[in-house]
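Note that the structure is predicted; figures quoted are calculated from it, not measured. So that the names make sense, note that chain A is the first sequence line, chain B the second, and so on, each numbered from 1.
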Protein chains: 2
Amino acid sequence: MPKVGMKPVRKQQLIDATLESIGEFGLQSTTIVTISRIAGLSSGIISHYFGGKQGLIEATIMHLLEQLRLALLAQISAKPIDANERLKIIIAANFTPFQRSTPAIKTWLSFWTESMHDPKLRRLQNINSKRLYSNLLFSFRQLLADDAAQVAAKQTAAMIDGFWLRCALSTKPEAEFKQAEQLCKSFIDEQINSLN
Amino acid sequence: MPKVGMKPVRKQQLIDATLESIGEFGLQSTTIVTISRIAGLSSGIISHYFGGKQGLIEATIMHLLEQLRLALLAQISAKPIDANERLKIIIAANFTPFQRSTPAIKTWLSFWTESMHDPKLRRLQNINSKRLYSNLLFSFRQLLADDAAQVAAKQTAAMIDGFWLRCALSTKPEAEFKQAEQLCKSFIDEQINSLN
DNA sequence: TTTTATTAATTGAACGTTCAATTAGTTTCT
DNA sequence: AGAAACTAATTGAACGTTCAATTAATAAAA
């Protein structure tokens with residue numbers, strides 16, 4: 001069975017399996033056995049490629065953060081867009097199907113919980129949190145005075161995260177997510193049109 | 001040591017110890033031993049009063065929800081207040097020192113994570129989520145048209161939860177919480193004054 | 001072209017630890 | 001005495017890690 005050059009393939013395979021396991025059982029009940037069974041590999045392989053269970057969990061979280069970053073990058077660098085449009089894209093990137101998925105939701109929640117104790121994860125969390133704010137501020141600055149832009153960026157960031165959280169925890173996330181994305185976009189229009 | 005009528009005293013003692021243990025070690029690393037040691041009691045007493053560890057955890061979460069409910073009730077039923085003032089009180093109730101405390105933060109995060117798998121907790125979570133929205137809607141209806149009131153209530157609820165989350169996860173929560181409360185209140189004023 | 005050596009990939013059983021729950025026994029109050 | 005409160009020790013299951021063994025691929029040597 002063993003082929004050469006399996007390393008990147010196996011690592012991705014195990015990260016996908018981890019997301020799937022967390023989606024099904026939650027992080028609490030995710031063991032190296034549930035992960036390796038989903039991946040169709042042995043349990044020992046996790047320590048071999050990630051140094052242990054914790055290493056795999058951290059890699060999975062980094063994958064989550066990277067997905068969010070790439071979702072933005074993919075749409076923004078495509079063509080020249082105005083500030084208003086850019087703001088709407090930032091919102092959309094936070095509500096992609098991947099971010100709405102059960103595995104992603106459960107992993108995000110576990111990530112936040114764990115980040116309270118793990119300095120490594122806390123650092124990642126803060127980078128991610130500030131990135132959303134910075135991205136919003138950059139665009140708001142082109143539409144509002146500096147003071148107003150800062151306030152708007154903070155309020156928008158909170159509204160995005162808050163809606164995401166409330167939808168993720170709701171009983172019917174699909175419909176709620178859709179409406180939430182719309183209400184975030186409305187808020188931005190309100191902010192900009194309040195110049196009247 | 002054993003005295004008669006200790007039941008309610010011990011139960012509260014154990015709930016407080018659970019909050020403290022979660023605050024120090026997190027739910028993941030909180031065991032019946034860490035809790036009972038903080039409470040100054042034996043580990044067996046947990047099963048005696050709560051049927052097991054899970055029962056105590058659930059009771060602790062219910063205590064958390066109750067604290068939030070009471071924080072509102074205490075201030076609202078005091079004197080007659082206008083709608084605007086009432087909205088500010090709702091916000092303040094979500095940012096009390098207790099809700100900003102590390103034990104409360106860690107327990108809330110763990111609660112949300114657990115509620116994804118535990119139907120009992122999920123039910124509690126939804127009741128709590130809807131209560132915030134209902135309270136906001138009630139007051140907004142006295143200031144805005146029905147459609148606008150619904151939108152404003154949803155946006156405000158998201159902003160409260162979002163700010164709370166972002167502050168809870170930040171590196172310097174004290175200062176951020178203070179500013180967040182202010183920004184939530186500003187948002188409400190903006191919503192109301194947009195009638196011009 | 002075989003043969004031999006070496007490396008990469010992978011397995012899965014054994015081990016030690018952790019932890020919740022149980023149980024039997026002790027103390028105090030009525 | 002008997003009920004209520006509580007302790008401390010024990011049990012057994014679950015889990016992550018480790019590691020010796022195995023298999024396959026590649027490289028080197030003959």
Taking for A/G44 and for B/Y49 the nucleotide of DNA chain D with the nearest heavy atom, the one nearer the 5' end belongs to B/Y49

Roughly, in whole Å, what's the span from CD1 in B/I35 to P in D/dT7? 15 Å

Whole-Å distance between C/dT18 C1' and B/Q28 CD? 12 Å

Nearest to the side chain of A/S42, which nucleotide is it out of D/dC6, C/dT11, C/dG12? C/dT11

Using the six-membered ring of A/Y49, assess whether NZ or CZ of A/K7 lies under 6.0 Å from its centre and within 45 degrees of the ring axis. no

Indicate if B/L72 and B/I81 have the same hydrophobic cluster label, given that clusters are the connected sets of ILVMFWY residues with side-chain heavy-atom separations under 4.5 angstrom. yes

Indicate, with a heavy-atom threshold strictly under 4.0 Å, whether B/T34 touches base, sugar-phosphate, or nothing. nothing

Taking CD1 from A/I45 and C1' from D/dC19, how many angstroms apart are they, rounded to a whole number? 14 Å

Within 6.0 angstrom of B/Q13 CD, more than 12 heavy atoms from elsewhere: yes

Look at all strands and tell whether B/T31 reaches a base, only sugar-phosphate, or nothing, counting heavy atoms closer than 4.0 Å. sugar-phosphate

When rounded to the nearest 0.5 Å, the distance separating CH2 of B/W112 from OG1 of B/T107 is 11.5 Å

Does the side chain of A/R10 get closer than 4.0 angstrom to OP1 or OP2 of C/dT10 through an N or O atom? yes

Please classify the nucleic acid contact of A/I46 as base, sugar-phosphate, or nothing, using heavy-atom distances under 4.0 Å. nothing

To the nearest Å, how far apart are B/I57 CD1 and C/dC19 C1'? 13 Å

Select one nucleotide: of C/dA21, C/dT10, C/dA13, the one nearest the side-chain heavy atoms of A/H48. C/dT10

Please report the distance, rounded to the nearest Å, between CD in A/Q13 and C1' in C/dT10. 12 Å

Can you label the angle between the A/F177 ring and the A/W164 ring as parallel, tilted or perpendicular, going by 30° and 60°? tilted

Starting from P on D/dA8, measure out to CZ on B/R37 and report it in whole angstrom. 14 Å

In this structure, how many angstroms lie between the P atom of C/dA20 and the CD1 atom of B/I32, rounded? 5 Å

Rounded off to whole Å, could you give me the NZ-to-C1' distance for the B/K11 and D/dA5 pair? 15 Å

